[in-house]
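Notes follow the structure.
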Amino acid sequence: MGAMTASSGRRVLLAAPRGYCAGVDRAVLAVEKALEQYGAPVYVRHEIVHNKYVVQTLEKKGAIFVERTEEVPPGNIVMFSAHGVAPSVHEEAKRGRLATIDATCPLVTKVHKEAVRFAKQDYDILLIGHEGHEEVIGTTGEAPDHIQLVDGPEDVDKVEVRDPSKVVWLSQTTLSVDETMETVGALKKRFPQLVSPPSDDICYATQNRQLAVKQMGAQADLVIVVGSRNSSNSKRLVEVAKQAGAAQAHLVDFADEIDEAWLEGVSTVGLTSGASVPEVLVEQVLEWLAQRGFEDVEIVKAAEESITFSLPKELRRDLRAEAAALVAERGGTGPAQE
């Protein structure tokens, strides 16, 4: 990627791993495969992943993104995003005579199953996460009578439980590991018998990307995180970089959003990307930096990743025919009657 000149002394620390995780890769491929198999339009409830470039690219190919299931005309295909949905959304799709594809990340599905299991055992479930995030809404919908949201350590004093000996914590998969454990620590002080999930809820990709940023943050004068502002894991990377010692850390969707003033007095730039970000956007930032003298690139490797997920099973079926049959068997084009 070019050699560093003795006169410039400028370098880029490039985080590894970065960008697409297995769940995002699966979800984006699922939209592309559905468009290829069934033709446009394929409707997607919410952004398939939280990245502006990905959404715009899929829209050009024929995907239509909607906020509510009711916006999809009967007899069509709707895909649920990687963040997951509540059971009520599946019911909405059924009433709307829609064929569905569930692109929920398997690691989010794991948290959903944990919520259902602990609710059946009548636990109070403390869900650590950010209010309003699609993943939190979906998980809460699995056991709404048992789950209460804990949005950081400051929420711990507000928590009320029925039986302190039957309390478990779960978490959104894209949180800061350190922040989550701080919240768990505060919860354990209030509820010493607090049960932990059987395995980590924060996904491997979130942890690995944060670990790489921690390693390079202390060496970097500036950290640039490529990612969208509605991406929880991308925003956490900015926070982690600052906590690791970076003087500056900024979130950008595209290279042209970088402010040249950020480079004043900077000799080392750290660069990473959120789990929803395609590598082409990182390459554009590298090119932008090289044009300004940051040609030497060093990889900061925190972990190896080899996890892959198979595509949603619904893609093996003729969903166009299924959607048409749903309309035909129930008659008409309006929503199904209760």
- Query: Per the side chain to side chain contact (heavy atoms under 4.5 Å, CB included) rule, which among Arg162, Lys166, Glu160 passes with Asp124?
  - Reply: Arg162

- Message: Using a strict threshold of under 4.0 Å (side-chain N to carboxylate O), is an ion pair present between Arg229 and Glu257?
- Response: yes

- Item | Partner residues of Glu91 under the salt bridge (Lys or Arg N to Asp or Glu O under 4.0 Å) criterion, sequence neighbours left out | none

- Item | Exercise: do Asp122 and His146 side chains pair donor with acceptor under 3.5 Å | yes

- salt bridge (Lys or Arg N to Asp or Glu O under 4.0 Å) against Glu283, all qualifying residues, sequence neighbours excluded: none

- salt bridge (Lys or Arg N to Asp or Glu O under 4.0 Å) partners for Glu304, two or more places apart: Lys301

- All pairs passing ring-ring contact (aromatic ring centres under 6.0 Å, His included) where residues 179-234 contributes a residue, at least two apart: none

- Task: Take Glu67 and His46, measure what side-chain contact (heavy atoms from CB on, under 4.5 Å) needs, and give me the verdict at the end.
- Result: CA-CA 5 Å; Glu67 285 303 304; His46 291 311; 3.0 Å; yes

- Item | Modelled atom types, side-chain donor and acceptor of Asp221 and Ser267, under 3.5 Å | yes

- Note on the structure: Between Pro17 and Glu305 the two heavy atoms that sit nearest each other are CG-OE2, 3.3 Å

- Apply side-chain contact (heavy atoms from CB on, under 4.5 Å) to the pair Val54 and Leu58, showing each step before the final yes or no. CA-CA 6 Å; Val54 171; Leu58 293 172; 3.9 Å; yes

- Lys60: salt bridge (Lys or Arg N to Asp or Glu O under 4.0 Å) partners, not counting sequence neighbours: none

- ring-ring contact (aromatic ring centres under 6.0 Å, His included) contacts in which one or both residues fall within residues 255-297, not counting sequence neighbours: His250-Trp262

- Partners of Thr140 by side-chain contact (heavy atoms from CB on, under 4.5 Å), sequence neighbours excluded? Leu127, Val136, Ile147

- Item | 4.5 Å side-chain heavy-atom contact, Glu298 and Leu14 | no

What pairs of donor and acceptor atoms, side-chain ones from residues 306-317 against any protein atom, are under 3.5 angstrom apart with sequence neighbours left out?
from: Glu314; atom 1: OE2; to: Asp102; atom 2: N; distance (Å): 3.3
from: Arg317; atom 1: NE; to: Glu322; atom 2: OE2; distance (Å): 2.7
from: Arg317; atom 1: NH2; to: Glu322; atom 2: OE1; distance (Å): 3.3

- Note on the structure: For Phe118, the ring-ring contact (aromatic ring centres under 6.0 Å, His included) test, sequence neighbours excluded, returns Tyr123

- Item | salt bridge (Lys or Arg N to Asp or Glu O under 4.0 Å): pairs with one or both residues in residues 109-120, sequence neighbours excluded | Lys110-Glu114, Lys110-Asp201

- In short, salt bridge (Lys or Arg N to Asp or Glu O under 4.0 Å) pairs touching residues 182-196 with sequence neighbours left out are none

- Using the salt bridge (Lys or Arg N to Asp or Glu O under 4.0 Å) rule, collect all pairs that involve residues 16-33, keeping only residues at least two apart or in two chains. Arg18-Glu279, Glu32-Lys61, Lys33-Glu36

- When Val238, Val252, Val277 are each screened for side chain to side chain contact (heavy atoms under 4.5 Å, CB included) with Val225, the one that passes is Val238

- Is there a side-chain contact (heavy atoms from CB on, under 4.5 Å) between Arg320 and Asn76 once you walk through the steps? CA-CA 7 Å; Arg320 286 284 178 218; Asn76 276 283; 3.9 Å; yes

